[in-house]
A.B. asks: 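The structure under discussion is supplied below as structure tokens; questions concerning it will follow.
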Amino acid sequence: MVRTTIRLIRHELTQANIERRYIGWTDQSIIRQVSADIAFTPSVIYGSDLKRCEETATCYFRNVPFIANAQLRETNFGDFEMKTYDELKNNLLYRAWIDDPLSVAPPNGESLQAFTARILTAFQEVIKGKEEATFIVHGGVIKAILANYLNKAFHDVHAAHRVIYTFVLDGGETCISYSEAPITVKDNMY
């Protein structure tokens, strides 16, 4: 059985992140180019096809190939895309989604159950047979993966910017170690 070391990194901040908007499939750039001091260099980086992931990969790991995969995108927030809690808090459909995200989807979006199934399928395809895989993805993607392998609820997992979430899978299924490490950047705009 292959032991696989997985590293998950959330993309750098976008303007929508700063404004606390639901940003799923909107293709927004990161707000600042930075350089990072990271102790390892992967041979390849996997991530979603949205530019904020590839831009972060370029900042953190110059000259490392980036393989984009649309199945690793953030949740499709549908009609709630690019809106804030304050803009939606009185919307009954929004309240229903917040109360039961596993089975209720945003209008024209996807439920947490559908999102998690999509992410885990794509993730498992990427890591199959590999000893190491590094991902630069979205906060929801990290939460879905970690919740599954750490046996936690989605909303009990946090996915911060500038953190490397590392875990080792024994045979692709069982998590045998887990750690979090901060990423130090050379431009501290935020």
Side-chain angles (χ1 to χ4, degrees), residues 1-14 17 24-25 30 34-76 101-102 110-186:
M1 283 193 183
V2 174
R3 280 196 176 171
T4 308
T5 300
I6 310 296
R7 294 181 182 94
L8 305 173
I9 301 170
R10 188 174 178 185
H11 62 76
E12 279 286 316
L13 288 167
T14 65
N17 294 137
W25 290 23
I30 60 176
V34 297
S35 58
D37 184 18
I38 299 176
F40 69 92
T41 302
S43 58
V44 65
I45 299 165
Y46 303 93
S48 95
D49 63 333
L50 299 178
K51 58 188 166 190
R52 57 192 182 265
C53 293
E54 186 168 6
E55 289 169 352
T56 300
T58 299
C59 288
Y60 287 4
F61 303 104
R62 296 215 179 275
N63 303 316
V64 174
F66 182 84
I67 298 177
N69 182 339
Q71 295 304 305
L72 292 172
R73 284 185 177 191
E74 180 60 274
T75 302
N76 179 348
L102 278 175
E110 66 187 329
S111 70
L112 181 56
Q113 184 175 5
F115 166 71
T116 299
R118 171 173 58 84
I119 294 306
L120 292 177
T121 298
F123 174 77
Q124 290 161 356
E125 287 174 6
V126 170
I127 69 166
K128 187 174 184 177
K130 292 183 175 62
E131 293 181 6
E132 177 271 331
T134 299
F135 293 80
I136 295 183
V137 288
H138 310 279
V141 173
I142 293 171
K143 289 175 65 165
I145 294 168
L146 291 180
N148 182 70
Y149 289 99
L150 300 180
N151 199 26
K152 294 185 175 189
F154 181 86
H155 292 294
D156 291 337
V157 178
H158 185 66
H161 297 276
R162 297 183 177 172
V163 174
I164 301 170
Y165 300 91
T166 303
F167 63 103
V168 178
L169 295 177
D170 192 11
E173 294 297 324
T174 305
C175 178
I176 59 173
S177 73
Y178 173 75
S179 65
E180 299 176 11
I183 295 172
T184 303
V185 297
K186 294 189 175 127

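FYI, side chains are in, hydrogens and waters are out, and symmetry mates aren't considered; it's all heavy atoms of this structure.
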A.B. asks: Report yes if the distance between the aromatic ring centroids of F40 and F61 is under 6.0 Å, otherwise no.
C.D. replies: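 Yes.
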A.B. asks: Over all heavy atoms of both residues, which pair between A144 and T116 is shortest? Give the atoms and the distance, please.
C.D. replies: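 That would be CB-OG1, 4.2 Å.
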A.B. asks: Aromatic ring centroids of Y165 and Y149 under 6.0 Å?
C.D. replies: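 No.
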A.B. asks: Would you say that D49 contacts R73 through its side chain, given a criterion of any heavy-atom pair below 4.5 Å between the two side chains?
C.D. replies: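 Result yes, sub-4.5 Å side-chain heavy-atom pair found.
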A.B. asks: Quick one: pull up CZ in F154 and NZ in K143 and give me the separation to the nearest 0.5 Å.
C.D. replies: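 That separation rounds to 4.5 Å.
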A.B. asks: Among R162, R52, K51, find the one that has a salt bridge (Lys or Arg N to Asp or Glu O under 4.0 Å) with E12.
C.D. replies: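 When salt bridge (Lys or Arg N to Asp or Glu O under 4.0 Å) is applied between E12 and each of R162, R52, K51, only R162 qualifies.
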A.B. asks: Would you give the length of the straight line joining atom CZ of R10 to atom CD1 of I183, rounded to the nearest 0.5 angstrom?
C.D. replies: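 That separation rounds to 12.0 Å.
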A.B. asks: Under a 4.5 Å cut-off applied to non-hydrogen side-chain atoms, are I30 and T56 in contact?
C.D. replies: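 They are in side-chain contact.
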A.B. asks: Evaluate the side-chain proximity of C53 to F66: yes if any heavy-atom separation is below 4.5 Å, no if none is.
C.D. replies: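 Yes. Closest side-chain heavy atoms under 4.5 Å.
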A.B. asks: Show, in sequence, the C-alpha distance, side-chain angles and deciding distance for E54 and H11, and conclude whether the side chain to side chain contact (heavy atoms under 4.5 Å, CB included) test is met.
C.D. replies: CA-CA 8 Å; E54 186 168 6; H11 62 76; over 6 Å; no
A.B. asks: Please say whether more than 12 non-hydrogen atoms of neighbouring residues, nucleotides or ligands are located less than 6.0 Å from CD in Q113.
C.D. replies: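 No, CD of Q113 has 12 or fewer neighbouring heavy atoms, counting only those of other groups under 6.0 Å.
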A.B. asks: According to side-chain hydrogen bond (donor to acceptor under 3.5 Å, both in side chains), who are the partners of R7, at least two apart in sequence or on a separate chain?
C.D. replies: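 side-chain hydrogen bond (donor to acceptor under 3.5 Å, both in side chains) check on R7 returns nothing, list empty.
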A.B. asks: Can you check whether K130's main-chain N or O pairs, donor with acceptor, with T4's side chain at less than 3.5 Å?
C.D. replies: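 Yes; judged by distance alone, with no hydrogens or angles, the pair exists.
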A.B. asks: What distance do L146 atom CG and N151 atom CG have between them, rounded to the nearest 0.5 Å?
C.D. replies: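 The CG atom of N151 is 12.5 Å from CG of L146, to the nearest 0.5 Å.
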A.B. asks: Is any side-chain heavy atom of I127 closer than 4.5 Å to one of I6?
C.D. replies: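 In contact.
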A.B. asks: Indicate the atoms forming the closest heavy-atom contact of T166 with T5, along with that distance.
C.D. replies: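 What the structure gives for the nearest pair is CG2-CG2, 3.9 Å.
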A.B. asks: Between K186 and D37, is the closest basic N to carboxylate O distance under 4.0 Å?
C.D. replies: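 Here D37 does not pair with K186 in a salt bridge, since their nearest N and O are not under 4.0 Å apart.
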A.B. asks: Does R62 reach the main-chain N or O of S35 with its side chain, forming a donor-acceptor pair under 3.5 Å?
C.D. replies: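 No; zero donor-acceptor contacts below 3.5 Å.
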A.B. asks: What is the minimum heavy-atom distance between V137 and G47, and which atoms define it?
C.D. replies: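 Heavy-atom minimum between the residues: CG1-CA, 3.9 Å.
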A.B. asks: With a 4.5 Å heavy-atom cut-off, do F123 and Q71 have their side chains touching?
C.D. replies: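 When only atoms from C-beta onward are counted, Q71 and F123 do not touch, as no gap falls below 4.5 Å.
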A.B. asks: About how many Å separate CG of N69 and CD of E125, when rounded to the nearest 0.5 Å?
C.D. replies: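 Nearest 0.5 Å value for the CD-CG distance: 7.5 Å.
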A.B. asks: Identify the heavy atoms of I45 and A57 that sit nearest to each other, and give their distance.
C.D. replies: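 I45 and A57 have their closest heavy atoms at CD1-CB, 3.9 Å.
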A.B. asks: I would like to know whether H155 and L112 meet side chain to side chain contact (heavy atoms under 4.5 Å, CB included); could you show each step before the answer?
C.D. replies: CA-CA 11 Å; H155 292 294; L112 181 56; 4.2 Å; yes
A.B. asks: Could you pull out the closest heavy-atom pair between S43 and P65, with the gap in Å?
C.D. replies: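 Where S43 meets P65 most closely, the heavy atoms are O-CD, 3.4 Å.
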A.B. asks: Answer yes or no: is there a side-chain heavy-atom contact under 4.5 Å between V2 and E131?
C.D. replies: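 Answer yes - side chains close enough.
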A.B. asks: Is the shortest side-chain heavy-atom distance between H161 and N17 below 4.5 Å?
C.D. replies: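 Answer yes - side chains close enough.
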A.B. asks: For the atom pair CD1 (I164) and CG (L8), what is the distance rounded to the nearest 0.5 Å?
C.D. replies: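 I164 atom CD1 to L8 atom CG measures 10.5 Å (nearest 0.5 Å).
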A.B. asks: Any chance you could lay out the side chain to side chain contact (heavy atoms under 4.5 Å, CB included) test for V163 and H158, step after step, and finish with the verdict?
C.D. replies: CA-CA 11 Å; V163 174; H158 185 66; over 6 Å; no
A.B. asks: Please step through side chain to side chain contact (heavy atoms under 4.5 Å, CB included) for the pair V126 and F135, ending with a clear verdict.
C.D. replies: CA-CA 10 Å; V126 170; F135 293 80; 3.5 Å; yes
A.B. asks: Closest heavy-atom contact between I142 and I9?
C.D. replies: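 Taking I142 first and I9 second, the nearest heavy atoms are CD1-C, 3.6 Å.
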A.B. asks: Within the structure provided, determine whether P42 and E132 are in side-chain contact (heavy-atom separation under 4.5 Å).
C.D. replies: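 In contact.
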A.B. asks: Could you tell me the separation between the CD1 atom of I136 and the SG atom of C59, rounded to the nearest 0.5 Å?
C.D. replies: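 Atom-to-atom, I136:CD1 and C59:SG are 9.0 Å apart.
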